[in-house]
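Shown next, in structure tokens, is the structure this report addresses.
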Amino acid sequence: MKTEKTKKRRFIVFAVILSILSILCMFMFAGLHSEHMNVIQTFITEKGGGWSANMTMLPMTIGNLICIVLTFVFGTLFIRVGVRKIMIPFMILSGLGCAGISLANGLDCFGGAASGNYPLFFASMMVVRCASPIFQMGAMMLITNWFIRLRGRMASICSMGATLFTVVGTSAMPNVIAKSWSGDYRPFYYGVGALCVIMAVVLGVCLKDFPEDSGLYPDGTEQAPKSEKGDDMPMKVSEVLRDPIAWKLAVVQSAPTVLISGMMSSMALSFITRGGSELWLQATVFVSAGAIAGVACSLLFGVLNDKLGALITQALFLGSMLIPTVTLLFMPSHKSTVLLVILAVGLALTLGAAPVTHPCLVAHLYGRRKFQSVNRVTMAIEMIPGAFSGIMMTSLIGSGHAWLAYLILIILDVISFVTLMTMMKIPDANAADRDSLRHKAG
């Protein structure tokens, strides 16, 4: 009995450390994957003498294409080498990339392009973009490894990091940088870079890839998962590519990948082209409110996943994504409080649900042991259209065709929803363990 209590306490300690690290991982992923472009494009503008929006977005677009391959590579290395051994060096590399963005300068407040080093800027942006999947994929795999019954709730805690960056990076920081730092965003990037290095040290010292590596079991239970007594070996790439469910999964998850990346990376440009920087800074208040509310929405979707299942929760998420896209489609060139409130609600639901639904859906379809062997392939497929989302949105919005940009996002969302409807009868791969929680709660 004493040994069991000791194991419970140890598991709780690991769970707390994993929760904090996963929140920070999703903070970094949301920011370095796309959203920090709102900081870049607010303070480096062609009008202010800096590089054009297309020039600042170019390294991100090329990085998106490279990440299609890197996502598969990272997933494979996670399986063969280990999650932590791959995450740690790339976390440090991300920190160096953030420092490079600061050193590259090119800010309007320092004279624009004349004060900058575009090759260094380009290379640093590429580094942070190419390393960013390691944060999301690593956090998702660690949570899937450590939790089965509480998968949704833990994923919801992790997802708080994504909404946190929207609050800090997309909403609050542009105002702080503009009003308190005179348009100089370099301290922000130095701070983010230092945090990446600290995370790498904590991950290396305090966590293991699997609870079994520490003599524990998922969720802190006293026995091995019942649902894993059969075939739980990772799937080969050829097996995944021949599996029709995997292709449906890729289609279902493509809309969130394209929509969130494209919408969030072009948010500043969208408002600035409609009503100038003043309208964007006014909108950041509502975007920030939506992101804060997204924390509560993350917890809501986590509970829904554990109570209703991943498929129904995914359907609710895809429906929710229509709110911000339709709102931005009809956003006027002046401040509309009603539409901005609706946008905030839509962002809360979208940003809160996205990081929760992704790992839960893959784990529902394939289980804990096969999770990464499938995820490395489907994520790579999803990222093909996602690679062009930022440049597509920037180009269309910049040329005065914002309506077309948001219409494309809406159509993709509908296609994903229809595909999901054909998968609703697929049972949870870990149902034997997750059902026991439902019975206890019942």
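Small disclaimer: the values here were computed from a predicted structure and weren't measured. Start at 1 with the first residue, then count along the sequence.
His358 and Gln253 share a side-chain donor-acceptor pair at under 3.5 Å. Defined by atom type and a distance below 3.5 Å, a donor-acceptor pair is missing between the side-chain atoms of Asn305 and His364. No side-chain N or O of Ser254 forms a donor-acceptor pair with one of Glu382 less than 3.5 Å apart. Using modelled atom types, one finds no donor on one side chain facing an acceptor on the other under 3.5 Å when comparing Ser156 with Arg153.
Counting heavy atoms of neighbouring residues, nucleotides and ligands inside a 6.0 Å radius, atom CD of Glu278 does not exceed 12 of them. With a 6.0 Å radius and a threshold of 12 heavy atoms from other residues, nucleotides or ligands, Phe417 has its CZ atom at or below the threshold.
Of the possible donor and acceptor atoms, one in the side chain of Asn38 sits under 3.5 Å from a partner among the backbone N and O of Ala268. Of the possible donor and acceptor atoms, none in the side chain of Ser270 sits under 3.5 Å from a partner among the backbone N and O of Ser266. Put simply, the side chain of Thr325 gets close to the backbone of Met321: a donor and an acceptor are under 3.5 Å apart. A distance-only check finds no donor-acceptor pair linking the side chain of Gln372 to the backbone of Ile79 [under 3.5 Å]. Using modelled atom types, no side-chain atom of Asn375 and backbone atom of Gly75 make a donor-acceptor pair closer than 3.5 Å. When atom types are taken as modelled, the side chain of Ser288 and the backbone of Thr284 share no donor-acceptor pair closer than 3.5 angstrom. Put simply, the side chain of Tyr185 never gets that close to the backbone of Ile44: no donor and acceptor are under 3.5 Å apart.
For an aromatic pair to be called close, the ring centres must be under 6.0 Å apart, and Phe11 with Phe147 satisfies this. In this structure, Trp403 has its ring center no closer than 6.0 Å to that of Phe330. Aromatic rings of Phe135 and Phe90 (six-membered ring for Trp) have centroids beyond the 6.0 Å cut-off, not under it. Between Tyr189 and His36, the distance from one ring center to the other falls under 6.0 angstrom. Taking the six-membered ring wherever Trp is involved, the centroid distance between the rings of Phe27 and Phe165 falls below 6.0 Å.
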Verdict with supporting geometry, Trp181 and Phe188, ring-ring contact (aromatic ring centres under 6.0 Å, His included)
CA-CA 10 Å; Trp181 297 354; Phe188 171 71; 7.7 Å; no
Quick one: do Phe14 and Trp146 satisfy ring-ring contact (aromatic ring centres under 6.0 Å, His included)? Show the steps, please.
CA-CA 9 Å; Phe14 282 123; Trp146 280 78; 5.3 Å; yes
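Nearest heavy atoms, Ser115 versus Leu107: OG-O, 3.9 Å. Heavy atoms only, all atoms of each residue included: Ile381 and Ala250 are closest at CG2-CB, 3.8 Å. Nearest heavy-atom pair across Ala283 and Leu340 is CB-CD2, 4.1 Å. Nearest heavy atom pair, residue Ala405 against residue Leu396, reads CA-CD1, 3.7 Å.
Using a 4.0 Å cut-off between charged nitrogen and carboxylate oxygen, Arg151 and Asp306 do not count as a salt-bridge pair. Note on Glu212 versus Arg368: salt bridge recorded, some NZ/NE/NH1/NH2 to OD/OE distance being below 4.0 Å.
Between Phe78 and Asp209 the shortest side-chain heavy-atom distance does not fall below 4.5 Å. Between Leu249 and Leu365 the shortest side-chain heavy-atom distance falls below 4.5 Å. Contact check for Lys208 versus Pro211: no side-chain heavy atoms found under the 4.5 Å cut-off. At least one side-chain heavy atom of Met126 sits under 4.5 Å from a side-chain heavy atom of Ile66.
With Trp51 as reference, Tyr118 is the one residue of Tyr118, Phe43, Phe122 to meet the ring-ring contact (aromatic ring centres under 6.0 Å, His included) rule. The side chain to side chain contact (heavy atoms under 4.5 Å, CB included) with Leu349 is formed by just one residue from the set Cys297, Ser298, Pro324; it is Cys297.
For the atom pair CG (Asp413) and CG (Leu409), the distance works out to 9.0 Å, reported to the nearest 0.5 Å. In this structure, the separation between OG on Ser124 and CG on Asn117 is 8.5 Å, given to the nearest 0.5 Å.
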